[in-house]
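Encoded as structure tokens, the structure appears first; notes follow it.
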Amino acid sequence: MHLEASFDLDFSLCCGQVFRWKKIGEWWYGVVGAKVFKIQQVDDDLYFQGVGEAFVKNYFGLNDDLKQISSSVDKDAYIRKALRRFEGLRIVRQDPWECLISFICATCKNIAAIELMLRKLSSSFGEKKRFDEMDFYTFPSPEKLASATIAGLKECGLGYRAKYVQATAKKIFEEKIELETFKNRPYLEARRLLVEFPGVGLKVADCALLFSLEKMESFPVDVWVKRVVLNHYADHLPGVLVKKLSTRDSLSSGEYKKINDFGRNYFGPYAGYAQEYLYHYERTEH
DNA sequence: TCCTAGCCTTTACC
DNA sequence: AGGTAAAGGCTAG
């Protein structure tokens with residue numbers, strides 16, 4: 001498929017929004033829903049096998065007008081550097097269920113450990129699929145994780161997250177909640193619903209909203225984004241807040257909301273895109 | 001409303 | 001080699 005707009009597959013898969021993609025040789029292999037597929041980019045062309053063109057366009061956000069999005073968040077010289085450095089990075093449209101569980105598991109873990117956890121979770125509780133002579137696993141269903149034991153989940157390395165994963169799976173399975181329907185609700189309302197799940201706070205909810213529920217105004221604040229805001233946007237926050245933030249690592253929910261509000265007000269309806277570029281820039285260039 | 005301690009495990013770095 | 005801190009927070013009180 002020939003690309004008509006800017007896209008960078010490597011940037012999009014390596015910027016910390018997805019955890020189960022694996023590069024083998026020239027190909028990226030992934031499992032999305034029940035489908036296993038592989039994809040590679042050569043200049044302005046994408047080659048893929050296992051899914052159709054419409055699926056690829058939807059999953060990788062190729063229908064988003066990236067040019068317009070970039071210019072809408074291009075508010076200052078600092079973010080401009082990040083936008084240039086990672087031109088073509090797109091927000092992937094993940095499966096909401098897998099995304100929510102992934103970020104519940106991600107708390108207080110580095111990326112390597114998160115990837116390991118999710119791989120184990122999938123190979124223990126997902127369904128095996130053969131593709132290119134290799135084994136892949138779908139992400140386990142809510143029903144499957146709801147009936148998993150805490151001990152079984154802990155064997156996947158979840159630690160204290162095991163009870164959250166199990167309880168959230170139970171709630172979704174027993175109450176027959178369709179996370180997809182959250183797309184139809186306004187951002188703040190959808191976030192209020194998400195934080196009712198065990199193990200889901202504001203940060204985890206914002207990640208699920210941005211990476212799977214199409215809320216582009218979501219502005220997740222983790223330690224890296226907090227760092228960016230303190231180092232480059234402190235002028236936009238009250239001095240007392242800046243002072244408090246620099247003496248402590250963790251954020252109270254009030255502090256979280258203040259930084260989150262700043263991001264959404266300053267960068268606008270595509271603040272989530274701004275967040276992802278700033279986040280990746282902070283992690284890789286500093 | 002804000003703050004603190006505790007939760008578990010893996011990885012990176014000394 | 002073995003020890004220790006850090007790693008993309010949330011919950012209860």
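Note on naming: letters A, B, ... go to the chains in the order of the sequence lines (proteins, then strands), and numbering restarts at 1 for each one.
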Would you write out the dot-bracket form of DNA chain C, 5' to 3', with Watson-Crick and G-U pairs under 3.5 Å, [ ] for crossing pairs, | for pairs to other strands and . for unpaired bases?
-> .||||||.|||||
Would you give me the side-chain donor-acceptor pairs under 3.5 Å for residues 51-63 of chain A, sequence neighbours excluded?
| residue | atom | partner | partner atom | Å |
| --- | --- | --- | --- | --- |
| A/Asn58 | OD1 | A/Arg93 | NH1 | 2.9 |
| A/Tyr59 | OH | A/Trp21 | NE1 | 3.1 |

Just list the side-chain donor-acceptor pairs under 3.5 Å for residues 138-145 of chain A, sequence neighbours left out, or say none.
| residue | atom | partner | partner atom | Å |
| --- | --- | --- | --- | --- |
| A/Thr138 | OG1 | A/Glu127 | N | 2.9 |
| A/Ser141 | OG | A/Lys144 | N | 3.1 |

Close N or O pairs between protein and nucleotides 11-13 of chain C (under 3.5 Å):
| residue | atom | partner | partner atom | Å |
| --- | --- | --- | --- | --- |
| C/dT11 | OP1 | A/Gly199 | N | 3.0 |

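- In this model, a donor atom of one side chain and an acceptor atom of the other lie less than 3.5 Å apart for A/Tyr233 and A/Asp76.
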Could you tabulate the donor-acceptor pairs under 3.5 Å formed by side-chain atoms of residues 153-166 of chain A, not counting sequence neighbours?
| residue | atom | partner | partner atom | Å |
| --- | --- | --- | --- | --- |
| A/Tyr160 | OH | A/Thr107 | OG1 | 3.0 |
| A/Arg161 | NE | A/Cys105 | O | 3.2 |
| A/Arg161 | NE | A/Thr107 | O | 3.1 |
| A/Arg161 | NH1 | A/Leu158 | O | 2.9 |
| A/Arg161 | NH2 | A/Thr107 | O | 2.9 |
| A/Lys163 | NZ | A/Tyr160 | O | 3.3 |
| A/Gln166 | NE2 | A/Ala148 | O | 2.9 |

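- A salt bridge is defined here as a Lys NZ or Arg NE, NH1 or NH2 lying under 4.0 Å from an Asp or Glu carboxylate O, and A/Lys38 with A/Asp132 meets this definition.
- Between A/Glu180 and A/Lys183 a salt bridge is recorded (basic side-chain N to carboxylate O distance below 4.0 Å).
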Check the interface with nucleotides 12-14 of chain B: list each N/O to N/O pair with the protein under 3.5 Å, or write none.
none

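- Applying the salt bridge (charged side-chain N to carboxylate O under 4.0 Å, His left out) test to A/Lys171 and every residue at least two apart in sequence or in another chain returns A/Glu175.
- Among residue pairs with one or both ends in residues 201-210 of chain A, those qualifying as side chain to side chain donor-acceptor pair (under 3.5 Å) are A/Tyr187-A/Asp206, A/Arg191-A/Asp206, A/Asp206-A/Ser218, A/Asp206-A/Tyr256, A/Asp206-A/Asn260; sequence neighbours excluded.
- Sorted by residue number, the members of residues 148-161 of chain A with any non-hydrogen atom under 4.0 Å from DNA chain B read A/Lys154, A/Gly157, A/Gly159, A/Tyr160, A/Arg161.
- Residue-environment remark: CD (A/Glu4) stays at or below the threshold of 12 foreign heavy atoms within 6.0 Å.
- Residues passing the salt bridge (charged side-chain N to carboxylate O under 4.0 Å, His left out) test with A/Asp45: none are found, sequence neighbours excluded.
- A/Tyr29 belongs to a hydrophobic cluster with A/Ile24, A/Trp27, A/Val31, A/Val36, A/Val42, A/Tyr47, A/Phe131, A/Met134, A/Phe136, counting contacts under 4.5 Å between side-chain heavy atoms of Ile, Leu, Val, Met, Phe, Trp and Tyr, direct or through other members.
- Under 3.5 Å, the side chain of A/Lys109 and the base of B/dT9 form at least one donor-acceptor pair of N or O atoms.
- Residue A/Ile150 belongs to no hydrophobic cluster, having no ILVMFWY side-chain heavy atom closer than 4.5 Å to its own.
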